[in-house]
Q: 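Take a look at this one; I'll ask things after.
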Amino acid sequence: MDKLHSLYYFLDLAGTFAFALSGATAARKRNLDLFGICALAFTVACGGGIIRDLCIGAIPPAGLTNWPYLVVALIAAGLTVHFYSVVQLLTRPVLVFDAVGLSLFAVTGAEKALHYGHNGEVAVLLGITTAVGGGVIRDVLLNRVPVILEKEIYASAALIGALIVVLGNYFKWISADWVAIIALTICFTLRILALHYRWNLPTPANDKRKSDK
Amino acid sequence: MDKLHSLYYFLDLAGTFAFALSGATAARKRNLDLFGICALAFTVACGGGIIRDLCIGAIPPAGLTNWPYLVVALIAAGLTVHFYSVVQLLTRPVLVFDAVGLSLFAVTGAEKALHYGHNGEVAVLLGITTAVGGGVIRDVLLNRVPVILEKEIYASAALIGALIVVLGNYFKWISADWVAIIALTICFTLRILALHYRWNLPTPANDKRKSDK
Amino acid sequence: MDKLHSLYYFLDLAGTFAFALSGATAARKRNLDLFGICALAFTVACGGGIIRDLCIGAIPPAGLTNWPYLVVALIAAGLTVHFYSVVQLLTRPVLVFDAVGLSLFAVTGAEKALHYGHNGEVAVLLGITTAVGGGVIRDVLLNRVPVILEKEIYASAALIGALIVVLGNYFKWISADWVAIIALTICFTLRILALHYRWNLPTPANDKRKSDK
């Protein structure tokens with residue numbers, strides 16, 4: 001299973017890169033300066049994991065102490081600054097890597113919480129937090145309502161991924177590695193399908209208004 | 001005193017419910033989707049307590065690990081989605097339960113900080129944080145200045161409740177249970193009176209402008 | 001070196017005071033009430049240090065447990081409420097003390113992280129966080145994009161101060177006290193020069209637009 005873990009590590013860095021790119025491009029669009037772009041790239045990439053680690057007592061948070069994450073975030077920031085037109089062409093592949101990051105962060109976030117001895121509720125809630133926390137901080141810093149609270153199947157895909165990890169760990173029908181692979185696949189597929197078919201969760205306020213007509 | 005603790009538990013869940021309802025209705029008014037409404041209900045109900053637990057070293061935070069809070073928050077979210085017109089009629093009773101939650105969170109927040117061996121300053125600051133932290137996160141996520149910073153006797157009622165707990169614990173004139181009852185009653189009464197008579201704290205910038213005329 | 005530590009302590013409180021004043025004046029300008037002004041004064045003064053302490057496992061955070069910080073923040077809030085016209089005249093000296101606070105928080109933040117046994121990356125990231133975290137929370141609460149992400153040499157001065165501490169601690173060419181003095185001086189000088197000559201970091205989005213013309 002060593003190859004599997006190398007693959008994980010590669011996907012983890014690829015997801016981090018995609019998240020950092022989303023932070024850096026959002027920062028550039030809002031006219032932030034060089035420091036702001038780097039700070040947002042890092043925050044989106046590592047913010048969710050840092051909150052998770054604070055909540056499970058993993059001190060210091062992995063995002064602060066493992067330099068590859070910082071380096072990947074800074075590379076993403078540098079690309080956004082110097083090759084912005086290229087980065088803009090990459091929108092589609094970046095969305096795919098973003099979906100990779102989403103699935104991987106949800107699954108590994110839930111696994112880490114379980115590994116630290118916490119219960120299934122903590123694991124599901126922190127799996128979601130790992131996956132979407134960075135994006136929420138990005139939107140708060142850029143002074144707008146977090147997009148994941150308004151529309152799109154994004155956090156709910158992370159919820160399902162984390163839930164599968166917790167259920168798999170509870171029933172132990174198959175090995176933890178297989179549980180992770182299934183959770184990753186379902187979360188990733190759900191997100192990609194949602195992007196392709198523009199699925200959204202219902203927005204109760206709008207439904208109400210429509211039914212009023 | 002067993003009955004007292006059952007009463008506490010009931011009031012705690014009632015306060016959590018009122019807080020969650022305030023998060024869910026605010027989310028619905030801003031057109032958030034189903035996930036956003038659930039997320040805000042949970043955040044308002046448990047956000048303050050989670051920050052308190054991180055600061056006193058109670059890992060994992062109680063809000064993440066005790067399922068009744070999550071269930072109560074999701075029920076509040078479900079009611080807001082499906083029975084919005086009923087929820088809107090409940091504004092007045094919800095304000096009363098919100099005041100219950102405010103007092104109870106301030107008092108139990110301060111007690112928990114003392115129980116973990118921290119000093120009076122930590123207890124007062126975290127008592128206030130427990131009571132108002134969730135509402136502050138709600139307003140930040142909905143992209144507006146937190147209402148408790150702008151007007152109303154709300155955080156200041158929490159401050160007085162937490163302060164009574166700390167003073168009672170310091171002087172030990174009466175039992176901790178009586179201190180809690182007195183602190184709860186004063187904080188709750190202050191909040192209800194402030195609501196009824198529309199008391200506000202002074203706003204220095206406005207006072208200045210008025211005295212200029 | 002006892003005198004040095006007394007000087008540190010005085011500068012620490014002076015920096016805290018300047019930070020609190022910036023929070024209180026920003027709060028007053030946005031028409032916050034008395035509680036809001038005190039809360040922002042305290043948050044700007046202690047917010048960055050609280051995040052740092054949560055991340056390095058220093059529980060409870062120093063900002064919550066040492067009353068001098070709270071007292072200094074409340075004095076700054078009181079002055080802003082009652083002697084606003086005087087405070088406005090103090091803009092220039094306050095900017096100097098703010099630069100003192102910035103340098104001192106960056107340097108002591110990095111030192112504290114190293115002292116708790118964490119690596120250089122954690123120390124640099126948390127040195128910056130200590131110095132600018134309070135100001136970021138202030139801007140988030142006041143519902144605007146944090147000014148340090150948009151322009152000015154501020155966070156980058158903190159970065160350089162924290163970096164010098166980490167390099168000095170790694171190479172150990174000179175004593176830790178001297179490293180701190182050099183880091184403080186360079187960070188402070190950089191900030192003051194940036195203020196005087198209105199230096200800003202490049203803003204990539206603007207540069208692009210200019211080069212388009």
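By convention in this document, chain letters (A, B, ...) are assigned in the order of the sequence lines, proteins followed by strands, and residues within each chain are numbered from 1. Everything quoted here is computed from the prediction, not taken from an experiment. Keep in mind that the numbers below use all heavy atoms, side chains included, and drop hydrogens, waters and symmetry copies.
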Q: Side chain from CB out, backbone as N, CA, C, O: work out which of these in A/Asp53 comes under 4.5 Å of a heavy atom of chain C, or both, or neither.
A: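 Contact with chain C involves no heavy atom of A/Asp53 at all.
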Q: Under the side chain to side chain contact (heavy atoms under 4.5 Å, CB included) rule, collect the residues that match up with C/Ala131, sequence neighbours excluded.
A: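 C/Leu102, C/Phe105, C/Ala106, C/Ala158.
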Q: Given a strict heavy-atom distance threshold of 4.5 Å, which part of A/Leu34 is in contact with chain C: side chain, backbone, both, or neither?
A: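 Its backbone and side chain both get close to chain C.
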Q: Give, as side chain, backbone, both or neither, the part of C/Ile148 having an atom under 4.5 angstrom from any heavy atom of chain A.
A: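 For C/Ile148, backbone and side chain are both near chain A.
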Q: Nearest 0.5 Å, what's the CD1-CG distance between A/Ile50 and C/Leu54?
A: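 These two atoms lie 12.0 Å from each other.
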Q: Could you tell me whether C/Phe188 atom CZ has more than 12 heavy atoms of other residues or ligands within 6.0 Å of it?
A: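 Counting other residues, nucleotides and ligands, CZ of C/Phe188 exceeds 12 neighbours.
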Q: Check each atom of C/Leu125 against the heavy atoms of chain A and say whether the ones under 4.5 Å are side chain, backbone, both or neither.
A: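 Contact with chain A involves the side chain of C/Leu125 alone.
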Q: Got a second to check how far C/Leu149's CG is from A/Leu142's CG, nearest 0.5 Å?
A: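 CG of A/Leu142 is found 8.0 Å from CG of C/Leu149.
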Q: Where the side chain of A/Asp33 meets the backbone of C/Pro202, is there a donor-acceptor pair that is under 3.5 Å apart?
A: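 No, because the side chain of A/Asp33 does not come within donor-acceptor range (under 3.5 Å) of the backbone of C/Pro202.
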Q: What option among C/Leu126, C/Val140, C/Asn143, C/Asp139 has the most heavy-atom pairs under 4.5 Å with chain A?
A: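 Of C/Leu126, C/Val140, C/Asn143, C/Asp139, C/Asn143 has the most heavy-atom pairs under 4.5 Å with chain A.
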Q: Which of residues 11-19 of chain C have a heavy atom under 4.5 Å from any heavy atom of chain A?
A: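 Counting heavy atoms that sit under 4.5 Å from chain A, no residue of residues 11-19 of chain C is involved.
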Q: Please walk me through it: do A/Asn31 and C/Thr203 pass side chain to side chain donor-acceptor pair (under 3.5 Å)?
A: CA-CA 6 Å; A/Asn31 293 338; C/Thr203 305; over 6 Å; no
Q: Which heavy-atom pair separates A/Arg30 from C/Glu150 by the least distance, and what is that distance?
A: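 What the structure gives for the nearest pair is O-OE2, 4.5 Å.
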Q: Are C/Cys55 and A/Ile59 packed together at the side-chain level, in the sense that at least one heavy-atom pair is separated by less than 4.5 angstrom?
A: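 No, every pair of side-chain atoms sits at 4.5 Å or beyond.
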Q: Flag the pair C/Pro146 / A/Leu141 as yes when at least one side-chain heavy-atom distance between them is below 4.5 Å, and no otherwise.
A: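 The answer is yes; the side chains approach within 4.5 Å.
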Q: Heavy-atom cut-off 4.5 Å, strictly under: side chain, backbone, both or neither for C/Val136 against chain A?
A: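 The side chain, not the backbone.
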Q: Sort C/Leu159 into side chain, backbone, both or neither according to what part of it lies under 4.5 angstrom from a heavy atom of chain A.
A: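 Neither part; nothing is under 4.5 Å.
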Q: Under the side chain to side chain contact (heavy atoms under 4.5 Å, CB included) test, which residues partner A/Trp67, sequence neighbours left out?
A: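 Listed in chain order: A/Val71, C/Glu121.
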Q: Tell me every residue that passes salt bridge (charged side-chain N to carboxylate O under 4.0 Å, His left out) with C/Arg191, counting only those two or more places apart in sequence or in another chain.
A: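 C/Glu152.
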Q: Scan A/Thr80, A/Val81, A/Leu32 and name whichever one has a side chain to side chain contact (heavy atoms under 4.5 Å, CB included) with C/Pro204.
A: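 Exactly one option meets the side chain to side chain contact (heavy atoms under 4.5 Å, CB included) with C/Pro204, and it is A/Val81.
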